[in-house]
2 protein chains.
Amino acid sequence: MSGKMTTQKRRIRQSPKMPAELRREQLLKAANDLFVKKGYRATTLDEIAQKAGLTKGAIYFHFKNKESILGELVKTVSQAYEKGINTYLGKNHTPVELFQLLLEIDSKIPMPEARRNPGLLSEIMKLPRIRTQMRDAFNKSVDKLSDALDSRFGRTVKQRRSLVIMLIAYLNGLKFVSTYHSESVDFEKQTELFLKLFQATYGDNPGEK
Amino acid sequence: MSGKMTTQKRRIRQSPKMPAELRREQLLKAANDLFVKKGYRATTLDEIAQKAGLTKGAIYFHFKNKESILGELVKTVSQAYEKGINTYLGKNHTPVELFQLLLEIDSKIPMPEARRNPGLLSEIMKLPRIRTQMRDAFNKSVDKLSDALDSRFGRTVKQRRSLVIMLIAYLNGLKFVSTYHSESVDFEKQTELFLKLFQATYGDNPGEK
DNA sequence: TTATAGATACTGAACGGTAGGTATGTTATG
DNA sequence: CATAACATACCTACCGTTCAGTATCTATAA
């Protein structure tokens with residue numbers, strides 16, 4: 001000991017060392033992919049590590065624990081979503097415009113598979129910290145969207161919130177059925193149908209309500 | 001060692017024995033309640049047993065394994081749903097009628113909390129056998145509903161299926177948001193809003209499309 | 001330029017808890 | 001008293017977490 005075990009080659013195959021920053025992102029990507037495929041709880045740290053070419057122990061150098069990996073991912077999405085709203089959202093929008101805007105943002109921010117995965121969303125909503133994190137983000141965006149909805153479509157904030165939530169609800173519902181019954185459901189067609197409905201009611205002039 | 005921690009009395013407090021049939025239902029109910037509250041995987045057999053006043057080992061007298069408990073529950077719902085459709089479904093319905101009919105059926109068949117729990121649904125959809133079981137039921141009911149939709153609302157079966165799926169999608173979406181954002185979402189109000197939209201477009205006379 | 005000390009990134013193994021499943025003994029009831 | 005309906009103890013596998021130690025990189029000084 002003390003000295004070297006000269007002749008004995010301890011052939012430890014260590015992965016090429018990377019700057020922590022890079023490795024973190026690599027791990028986050030691996031985790032995201034696996035969460036999408038298998039769900040949060042069903043994904044093991046071994047799998048994440050392996051996918052990044054590491055061993056489990058190394059993860060704890062980069063993250064506090066498993067949940068913190070998820071937390072980072074959620075944070076990334078929330079921030080991108082908020083940024084998208086701030087960028088694209090104008091004033092006095094019609095519901096149809098808002099719906100299209102939501103689709104637009106949805107198509108631009110990262111981790112689409114994860115965000116459109118109701119199973120994953122439901123699962124992580126059971127983790128108290130994550131839940132809080134996501135609910136805050138949800139309320140924040142609903143507020144902003146409601147503000148940006150033209151007042152013709154709702155005198156009170158409550159009414160406008162209600163409408164906004166309806167838009168989001170339908171989007172979520174579509175994601176849900178198209179995830180689990182993709183053979184039977186044509187996402188774009190359903191969207192078109194929905195917009196046509198809205199157009200008929202709210203398009204040119206708002207309803208009297 | 002060898003056996004007992006001597007002084008410890010073997011206090012065997014056996015639950016009153018029940019006919020297997022009854023106990024099965026009791027276990028099923030317990031399982032259902034717990035699945036709703038905690039999810040499928042997060043619910044342990046110990047908890048189910050305890051809730052029914054038994055111990056884990058006893059479960060294996062009544063069921064083959066954990067998944068078979070879930071299978072029974074799914075089967076029960078599927079059958080009730082199908083029966084509901086057969087009972088209430090007429091001919092040449094409007095979309096609004098169908099939507100109300102779905103609500104009606106939904107309110108009459110058992111295990112409402114479980115069925116309205118997207119997280120639970122997503123979770124169990126990952127179990128291959130359960131998934132098959134549920135998808136078959138879904139397609140079956142979509143077919144029947146599409147048949148019962150008046151042909152004014154879609155010349156081809158495909159078009160009618162599309163509309164039916166849209167109704168179901170919105171229902172699911174509503175369940176989703178009202179589950180996770182119940183403070184912000186008024187289920188009935190959202191339903192009313194949606195129906196009003198449909199009424200405006202499809203209510204009196206169908207769209208030309 | 002080179003030796004080296006310290007920081008950084010990672011391994012491997014062990015630990016502890018959990019939970020599904022099983023083997024086998026025990027009790028209640030007809 | 002036979003058997004259906006339990007209880008108890010145990011096994012096994014899995015998985016998150018910890019940690020001592022190892023390898024690799026980098027900065028500094030000689």
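Below, read A as the first sequence line, B as the second, and so on, with proteins coming before strands; counting in each chain starts at 1.
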Between the protein and nucleotides 6-8 of chain C, which nitrogen or oxygen pairs come in under 3.5 angstrom?
residue: dT8(C); atom: O2; partner: Lys17(A); partner atom: NZ; Å: 2.6

Report task. Classify the nucleic acid contact of Thr55(B) as base, sugar-phosphate or nothing, counting any heavy atom under 4.0 Å across all strands shown. Result -> base

What's the [atom1]-[atom2] distance between [X] and [N], to the nearest Å?
X        : N       : atom1 : atom2 : answer
Ile59(B) : dT22(C) : CD1   : C1'   : 14 Å
Gln50(A) : dT11(C) : CD    : C1'   : 15 Å
Leu54(A) : dA23(D) : CG    : P     : 17 Å
Arg24(B) : dA5(D)  : CZ    : P     : 11 Å
Asp46(B) : dG21(C) : CG    : C1'   : 11 Å
Ile48(B) : dG21(C) : CD1   : C1'   : 14 Å

Query raised in the report: Does Arg23(B) make a side-chain N or O approach to OP1 or OP2 of dC6(D) shorter than 4.0 Å?
Result: yes

Query raised in the report: Between His62(B) and dA4(D), does any side-chain N or O lie under 4.0 Å from OP1 or OP2?
Result: no

State, with a plain yes or no, whether a side-chain heavy atom of [X] is found less than 4.5 Å away from one of [Y].
X         : Y         : value
Gln100(B) : Leu195(B) : yes
Phe99(B)  : Leu171(B) : yes
Phe35(A)  : Asn117(A) : no

**Report entry** Asp136(A)/Lys140(A) salt bridge by N-O under 4.0 Å criterion
**Finding:** no

Query raised in the report: Is it true that Asp143(B) and Arg161(B) have a side-chain N and a carboxylate O under 4.0 angstrom from each other?
Result: yes

Requested in this report: Supply the atom-to-atom distance Ile59(B) CD1 to Ile69(B) CD1, rounded to the nearest 0.5 angstrom.
Outcome: 5.0 Å

Query - Test: Lys66(B) cationic atom under 6.0 Å from Tyr40(B) six-membered ring centre, within 45° of axis - result: yes

Report summary line: When Arg41(B) and Glu21(B) are each assigned the nearest nucleotide of DNA chain D, the 5'-most assignment goes to Glu21(B)

Report task. Taking atom CD of Gln50(B) as the centre, report whether more than 12 heavy atoms of other residues, nucleotides or ligands fall under 6.0 Å from it. Result -> no

Query raised in the report: Is the number of heavy atoms from other residues, nucleotides or ligands within 6.0 Å of NZ (Lys29(B)) greater than 12?
Result: no

Identify the pairs formed between an N or O of the protein and an N or O of nucleotides 17-19 of chain D at a distance under 3.5 Å, and give each distance.
residue: dT17(D); atom: OP2; partner: Tyr60(A); partner atom: OH; Å: 2.6
residue: dT17(D); atom: OP2; partner: Lys66(A); partner atom: N; Å: 3.1
residue: dT17(D); atom: O5'; partner: Tyr60(A); partner atom: OH; Å: 3.2
residue: dT17(D); atom: O4; partner: Lys56(A); partner atom: NZ; Å: 3.2

Query - Arg23(B) side chain to Ala58(B) backbone, donor-acceptor under 3.5 Å - result: no

Query raised in the report: Within the distance-only criterion (no hydrogens, no angle test), does the side chain of Arg24(B) pair as donor or acceptor with the backbone N or O of Pro19(B) below 3.5 angstrom?
Result: no

Requested in this report: May I ask you to list the residues of residues 31-38 of chain A, by number, that have any heavy atom positioned under 4.0 Å from an atom of DNA chain D?
Outcome: none

